[in-house]
Amino acid sequence: MRLFLIAFIFLLCCNCASDKKSVDDKTKEAPTRGPLSLDSQIFLGNRLFSEKTCITCHDIKNKKIGPSVLDIMRIYKEKNGNIVAFLKGKAEPIVDTTASQVAIMQDNINGFVKGLSDEMLNTIATYMMHVDELHTK
């Protein structure tokens, strides 16, 4: 009986120690991620461009509802424009500035684009900046 009691106390102590450890593990914060490589940004930007429905209006090479990505980025590069500032609603449009196109894009900016994080917008912009390199190979 005494041996049983010692074994029981031993198991109880071990169990308490493991419970404390799991509580301590839960209070630790997740490690932060370092910056993404350029290739990773382009890959993620491409994925977000499709997932966040930019591709619905903007084809890579051809005009759809809005101008092609190649046309957009050619003009943004020529004029040293900031596509992220535009997507945040903090810059005037510099591509296809007709009233109907501006209204469509403004609705999108006020709608789903507003919910995108800065990191998402930056990776989409990085992808768009390099789309010409990706589609001329």
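Bear in mind the structure is a predicted one, so any value in this text is a computation, not a measurement. Hydrogens, waters and symmetry mates are skipped; everything else that's a heavy atom, side chains included, is used.
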Peer 1: Hey, quick one: are I104 and L87 part of the same hydrophobic cluster, counting side-chain heavy atoms closer than 4.5 Å, chains of contacts allowed?
Peer 2: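 Each belongs to a different hydrophobic cluster.
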
Peer 1: First locate atom CG of N108, then atom SG of C57, and finally report the distance between them rounded to the nearest 0.5 Å.
Peer 2: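 It is 5.5 Å, given to the nearest 0.5 Å.
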
Peer 1: To the nearest 0.5 angstrom, please state how far the CD atom of E133 sits from the CE atom of M73.
Peer 2: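 Here the interatomic distance stands at 11.0 Å.
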
Peer 1: Measure across K52 and F112 and return the closest heavy-atom pair with its distance rounded to 0.1 Å.
Peer 2: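 Heavy atoms only, the tightest pair is O-CE1, 3.0 Å.
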
Peer 1: Return yes if some donor-acceptor pair links the side-chain N/O of S40 with the main-chain N/O of L36 below 3.5 Å, else return no.
Peer 2: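 Judged by distance alone, no pair lies under 3.5 Å.
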
Peer 1: Could you check whether any side-chain heavy atom of K88 comes within less than 4.5 Å of a side-chain heavy atom of D118, counting everything from C-beta outward?
Peer 2: yes

Peer 1: List the steps, then state whether side-chain hydrogen bond (donor to acceptor under 3.5 Å, both in side chains) holds for T98 with D96.
Peer 2: CA-CA 6 Å; T98 60; D96 199 349; 3.1 Å; yes

Peer 1: Do the side chains of L38 and H130 get nearer than 4.5 Å, heavy atoms only?
Peer 2: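 In contact.
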
Peer 1: Give a yes-or-no answer on whether the side chains of T53 and T56 include a donor-acceptor pair shorter than 3.5 Å.
Peer 2: no

Peer 1: Specify the closest pair of heavy atoms between V102 and P93, including all atoms of both residues, with the distance to one decimal.
Peer 2: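 Reported closest heavy-atom pair: CG2-CG, 3.8 Å.
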
Peer 1: Before giving the answer on side chain to side chain contact (heavy atoms under 4.5 Å, CB included), spell out for R74 and K79 the whole-Å C-alpha distance, their side-chain angles and the decisive distance to 0.1 Å.
Peer 2: CA-CA 9 Å; R74 180 181 45 78; K79 296 187 177 189; over 6 Å; no

Peer 1: Taking only Lys NZ, Arg NE, NH1 and NH2, and the carboxylate oxygens of Asp or Glu, determine whether D132 and K77 approach each other closer than 4.0 Å.
Peer 2: yes

Peer 1: Can you hop from I65 to I124 via hydrophobic side chains spaced under 4.5 Å?
Peer 2: no

Peer 1: Looking only at heavy atoms, which two atoms of G81 and I94 are closest? And how far apart?
Peer 2: CA-CD1, 4.2 Å

Peer 1: On a heavy-atom basis, which atom in P67 and which in Q101 lie closest, and how many Å separate them?
Peer 2: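 Heavy atoms of P67 and Q101 come nearest at CD-OE1, 4.1 Å.
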
Peer 1: May I ask you to test the K114-I109 pair for a side-chain heavy-atom distance under 4.5 Å?
Peer 2: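 Side chain of K114 against side chain of I109, heavy atoms only: no contact under 4.5 Å found.
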
Peer 1: Quick one: closest heavy-atom pair of L121 and L116, and the distance?
Peer 2: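 The answer is CD2-CD1, 3.9 Å.
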
Peer 1: Using the side chain to side chain contact (heavy atoms under 4.5 Å, CB included) rule, take Y127 and T123 through it: C-alpha gap first, then chi angles, then the decisive distance, then the call.
Peer 2: CA-CA 6 Å; Y127 162 69; T123 56; over 6 Å; no

Peer 1: Can you hop from I75 to L70 via hydrophobic side chains spaced under 4.5 Å?
Peer 2: yes

Peer 1: Does CD belonging to E78 count more than 12 external heavy atoms closer than 6.0 Å?
Peer 2: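 Counting neighbours around CD of E78, more than 12 heavy atoms of other residues, nucleotides or ligands fall under 6.0 Å, so yes.
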
Peer 1: Would you give the length of the straight line joining atom NZ of K63 to atom CD1 of I72, rounded to the nearest 0.5 angstrom?
Peer 2: 9.0 Å

Peer 1: Counting N and O atoms only, with roles assigned by atom type, does the side chain of T126 sit under 3.5 Å from a partner on the main chain of N122, one being a donor and the other an acceptor?
Peer 2: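 Indeed, once roles are kept as given, a pair shorter than 3.5 Å links the two residues.
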
Peer 1: Could you please spell out the steps behind the salt bridge (Lys or Arg N to Asp or Glu O under 4.0 Å) verdict for D71 and K61?
Peer 2: CA-CA 8 Å; D71 289 341; K61 296 180 181 181; over 6 Å; no

Peer 1: Does atom OH (Y76) have a neighbourhood of more than 12 heavy atoms from anything else shown, all under 6.0 Å?
Peer 2: yes

Peer 1: Pairs under 3.5 angstrom only: tabulate donor-acceptor contacts from the side chains of residues 44-51 to other protein residues two or more places apart or in another chain.
Peer 2:
from, atom 1, to, atom 2, distance (Å)
R47, NE, E51, OE2, 2.8

Peer 1: Donor-acceptor pair, distance only, cut-off 3.5 Å: does the side chain of K64 make one with the backbone of I55?
Peer 2: yes

Peer 1: If we only count heavy atoms from C-beta on, is the D59 to V69 side-chain gap below 4.5 Å?
Peer 2: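 Sidechains of V69 and D59: no contact.
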
